[in-house]
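Contents: one structure, followed by commentary.
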Amino acid sequence: MKIHESIVKYQHLPAMDISLLPSIILAIAEQRSLDAVLGSIIQAIVQQADIGLARIWLKETGSSCPSCDASPEVALHLRASGGCPLEAGVDWRYTAGRFHRVPLDSKLKVAGIAATGRGVRIDDLAADSQWVGEPDWIRREKLVSFAAHPMVFHGEVLGVLAVFRRVIADDACWEWLRVLADAAAVAVANARAFEEADKLQRELRLERDYLREEVCEVGSFGEILGHSAALQRVLRQVEMVAATEATVLILGESGTGKELIARAIHQRSARARKPLVKVNCGSIPHELFESEFFGHVRGAFTSAVSDRVGRFQLADGGTLFLDEAGEIPMDLQAKLLRVLQEGEFERVGENVTRQVDVRVVAATNRDLKEEVAKGRFRLDLYYRLAVFPLEMPPLRDRREDIPELAARFVRQAAARFHVAEPRLNHRELQRALRYDWPGNIRELQNAIDRAVILARDGRLELDLPEGSASLPATVASEPAGVIPESRWREMEKANLTAALQRTNFRVSGSGGAAELLELHPATLSSRMKALGIRRPGIS
């Protein structure tokens, strides 16, 4: 490891001169990463005269130590070591040996220093054998004295700095190490703060990029629109389940707005202030599924040039929306089940077990029961996902919502394409009401977008396959295709309301709702009265 010149130039000094410490401390303080700080401290010590071995233990959990498991127990972990061994073939830079992990209740002297916050000085090891665990090693390496100081920052012991020398310890050595230990504590605390800030910045960048993608995808349907009985039934279910922590499985055809329902569940839950993270399971290559869900560390596979946070970790404390959940590969379903059951996962290429608190909302247009029967989906995962199944109605079952949806899409498309807002006349609206919309709301929006682009003279014409048009399914069996009066009045009311909302409830005049509907203003006012339509705020 390269160190600052102000450390190197003090090599082989005859004594530990405290006047030289400012330059050494400055060199250490310039380091940003924790490993660089610890390495600089060790090298600064071993450059001094008569040093045998220098070591630094940090007080931390196993999950913070790169050489240990994810144990939550706090102990001393040997994080840096160096020296000048006399025995051939020995490398004192090695930190993963017998004394790597020292429990805080251990009888070893470094544990006592960490527990009490007081240093230990042994001027002559031969005369104080109670502190010597391996006397043969002491004799072989001709070690004479020992000195160790706690590394204390704001009253908290961060670790222990220990040194063996080949001469009898003196007051100058003791004071030199005390000052260095104090400076080391500050440098360690700063390095940890830098690393934590860098980690948070990387995760924020990932979340920022993710949210930028979401801004492009979210809201294409606007907020949930419609007053049909079928939609209101779904929204009532959303209100009931949102307040719970239950896993929700949203079923329905493509384009019915399943993602909007997932967002509504999240926004009405106790997790609303935390992120809602989406994973489109149908668009992820098979070999990247695990990395997308759980993240990976640098070098885990060929293209893993940096660490990556997975979607589960991004959603910690919030909600994870698994879109097209039926596309999850069988070999990943067991790992997904473990996260749902135990809240634990490991990044690809890492042995550290991480804990997350995530609510899962899944969506699929597949029949998962049939997929289970065919052996393509795990039964236990299906039951875990389908705690609360919720089915989205297709657009053909909520035709009375079409006028309101169409009016919103016309406004959005005109604004997005920077064109004058065209009019959706009564004839085109009737065609939209009679069409089956196999692509559901997504197809309606695409048809509106296309019509807005092609609109001429302010009139909008929908390009619909006439051969596929049909009457509403609920009235297809009626004699002569007659629509019941109650249903027709609902549809007419929704159509008039959409026009009035679009014109801010201006009935007559240029750009008014009557003109938009191609009706006489008096006729529109009469129908509004008959259907009970009133301007907001007027009772």
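The model shown is predicted, which means the values in this text are computed figures rather than measured ones.
When side chains are defined from C-beta on, V248 counts as touching R359, because their heavy atoms get closer than 4.5 Å. Within the 4.5 Å cutoff, the side chain of I284 has no heavy atoms near those of the E327 side chain. Two residues are said to be in side-chain contact when any heavy atoms from C-beta on lie closer than 4.5 Å; V358 and V277 fail this criterion.
Using cut-offs of 30° and 60° for the angle between ring planes, the F312 and F345 rings count as tilted.
Shown are L58, L108, V110; of these, the side-chain contact (heavy atoms from CB on, under 4.5 Å) with L76 is made only by V110.
Note: F164 and W92 fail the aromatic proximity criterion, with ring centroids not under 6.0 Å apart.
Of the inter-residue distances, the one linking I441 atom CD1 with E253 atom CD reads 11.0 Å to the nearest 0.5 angstrom. Here the straight-line distance linking atom CD of Q48 with atom SG of C173 works out to 10.0 Å at 0.5 Å rounding.
Remark: R376 does not engage E370 in a salt bridge, criterion side-chain N to carboxylate O under 4.0 Å.
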Verdict with supporting geometry, N365 and S254, side chain to side chain donor-acceptor pair (under 3.5 Å): CA-CA 6 Å; N365 57 9; S254 293; 2.7 Å; yes

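In summary, the side chains of R55 and S81 do present a donor paired with an acceptor at a separation below 3.5 Å, with no hydrogens or angles considered.
For R338, the CZ atom counts as densely surrounded, since its 6.0 Å shell holds more than 12 non-hydrogen atoms of other residues, nucleotides or ligands.
Put simply, the side chain of Q333 gets close to the backbone of R378: a donor and an acceptor are under 3.5 Å apart.
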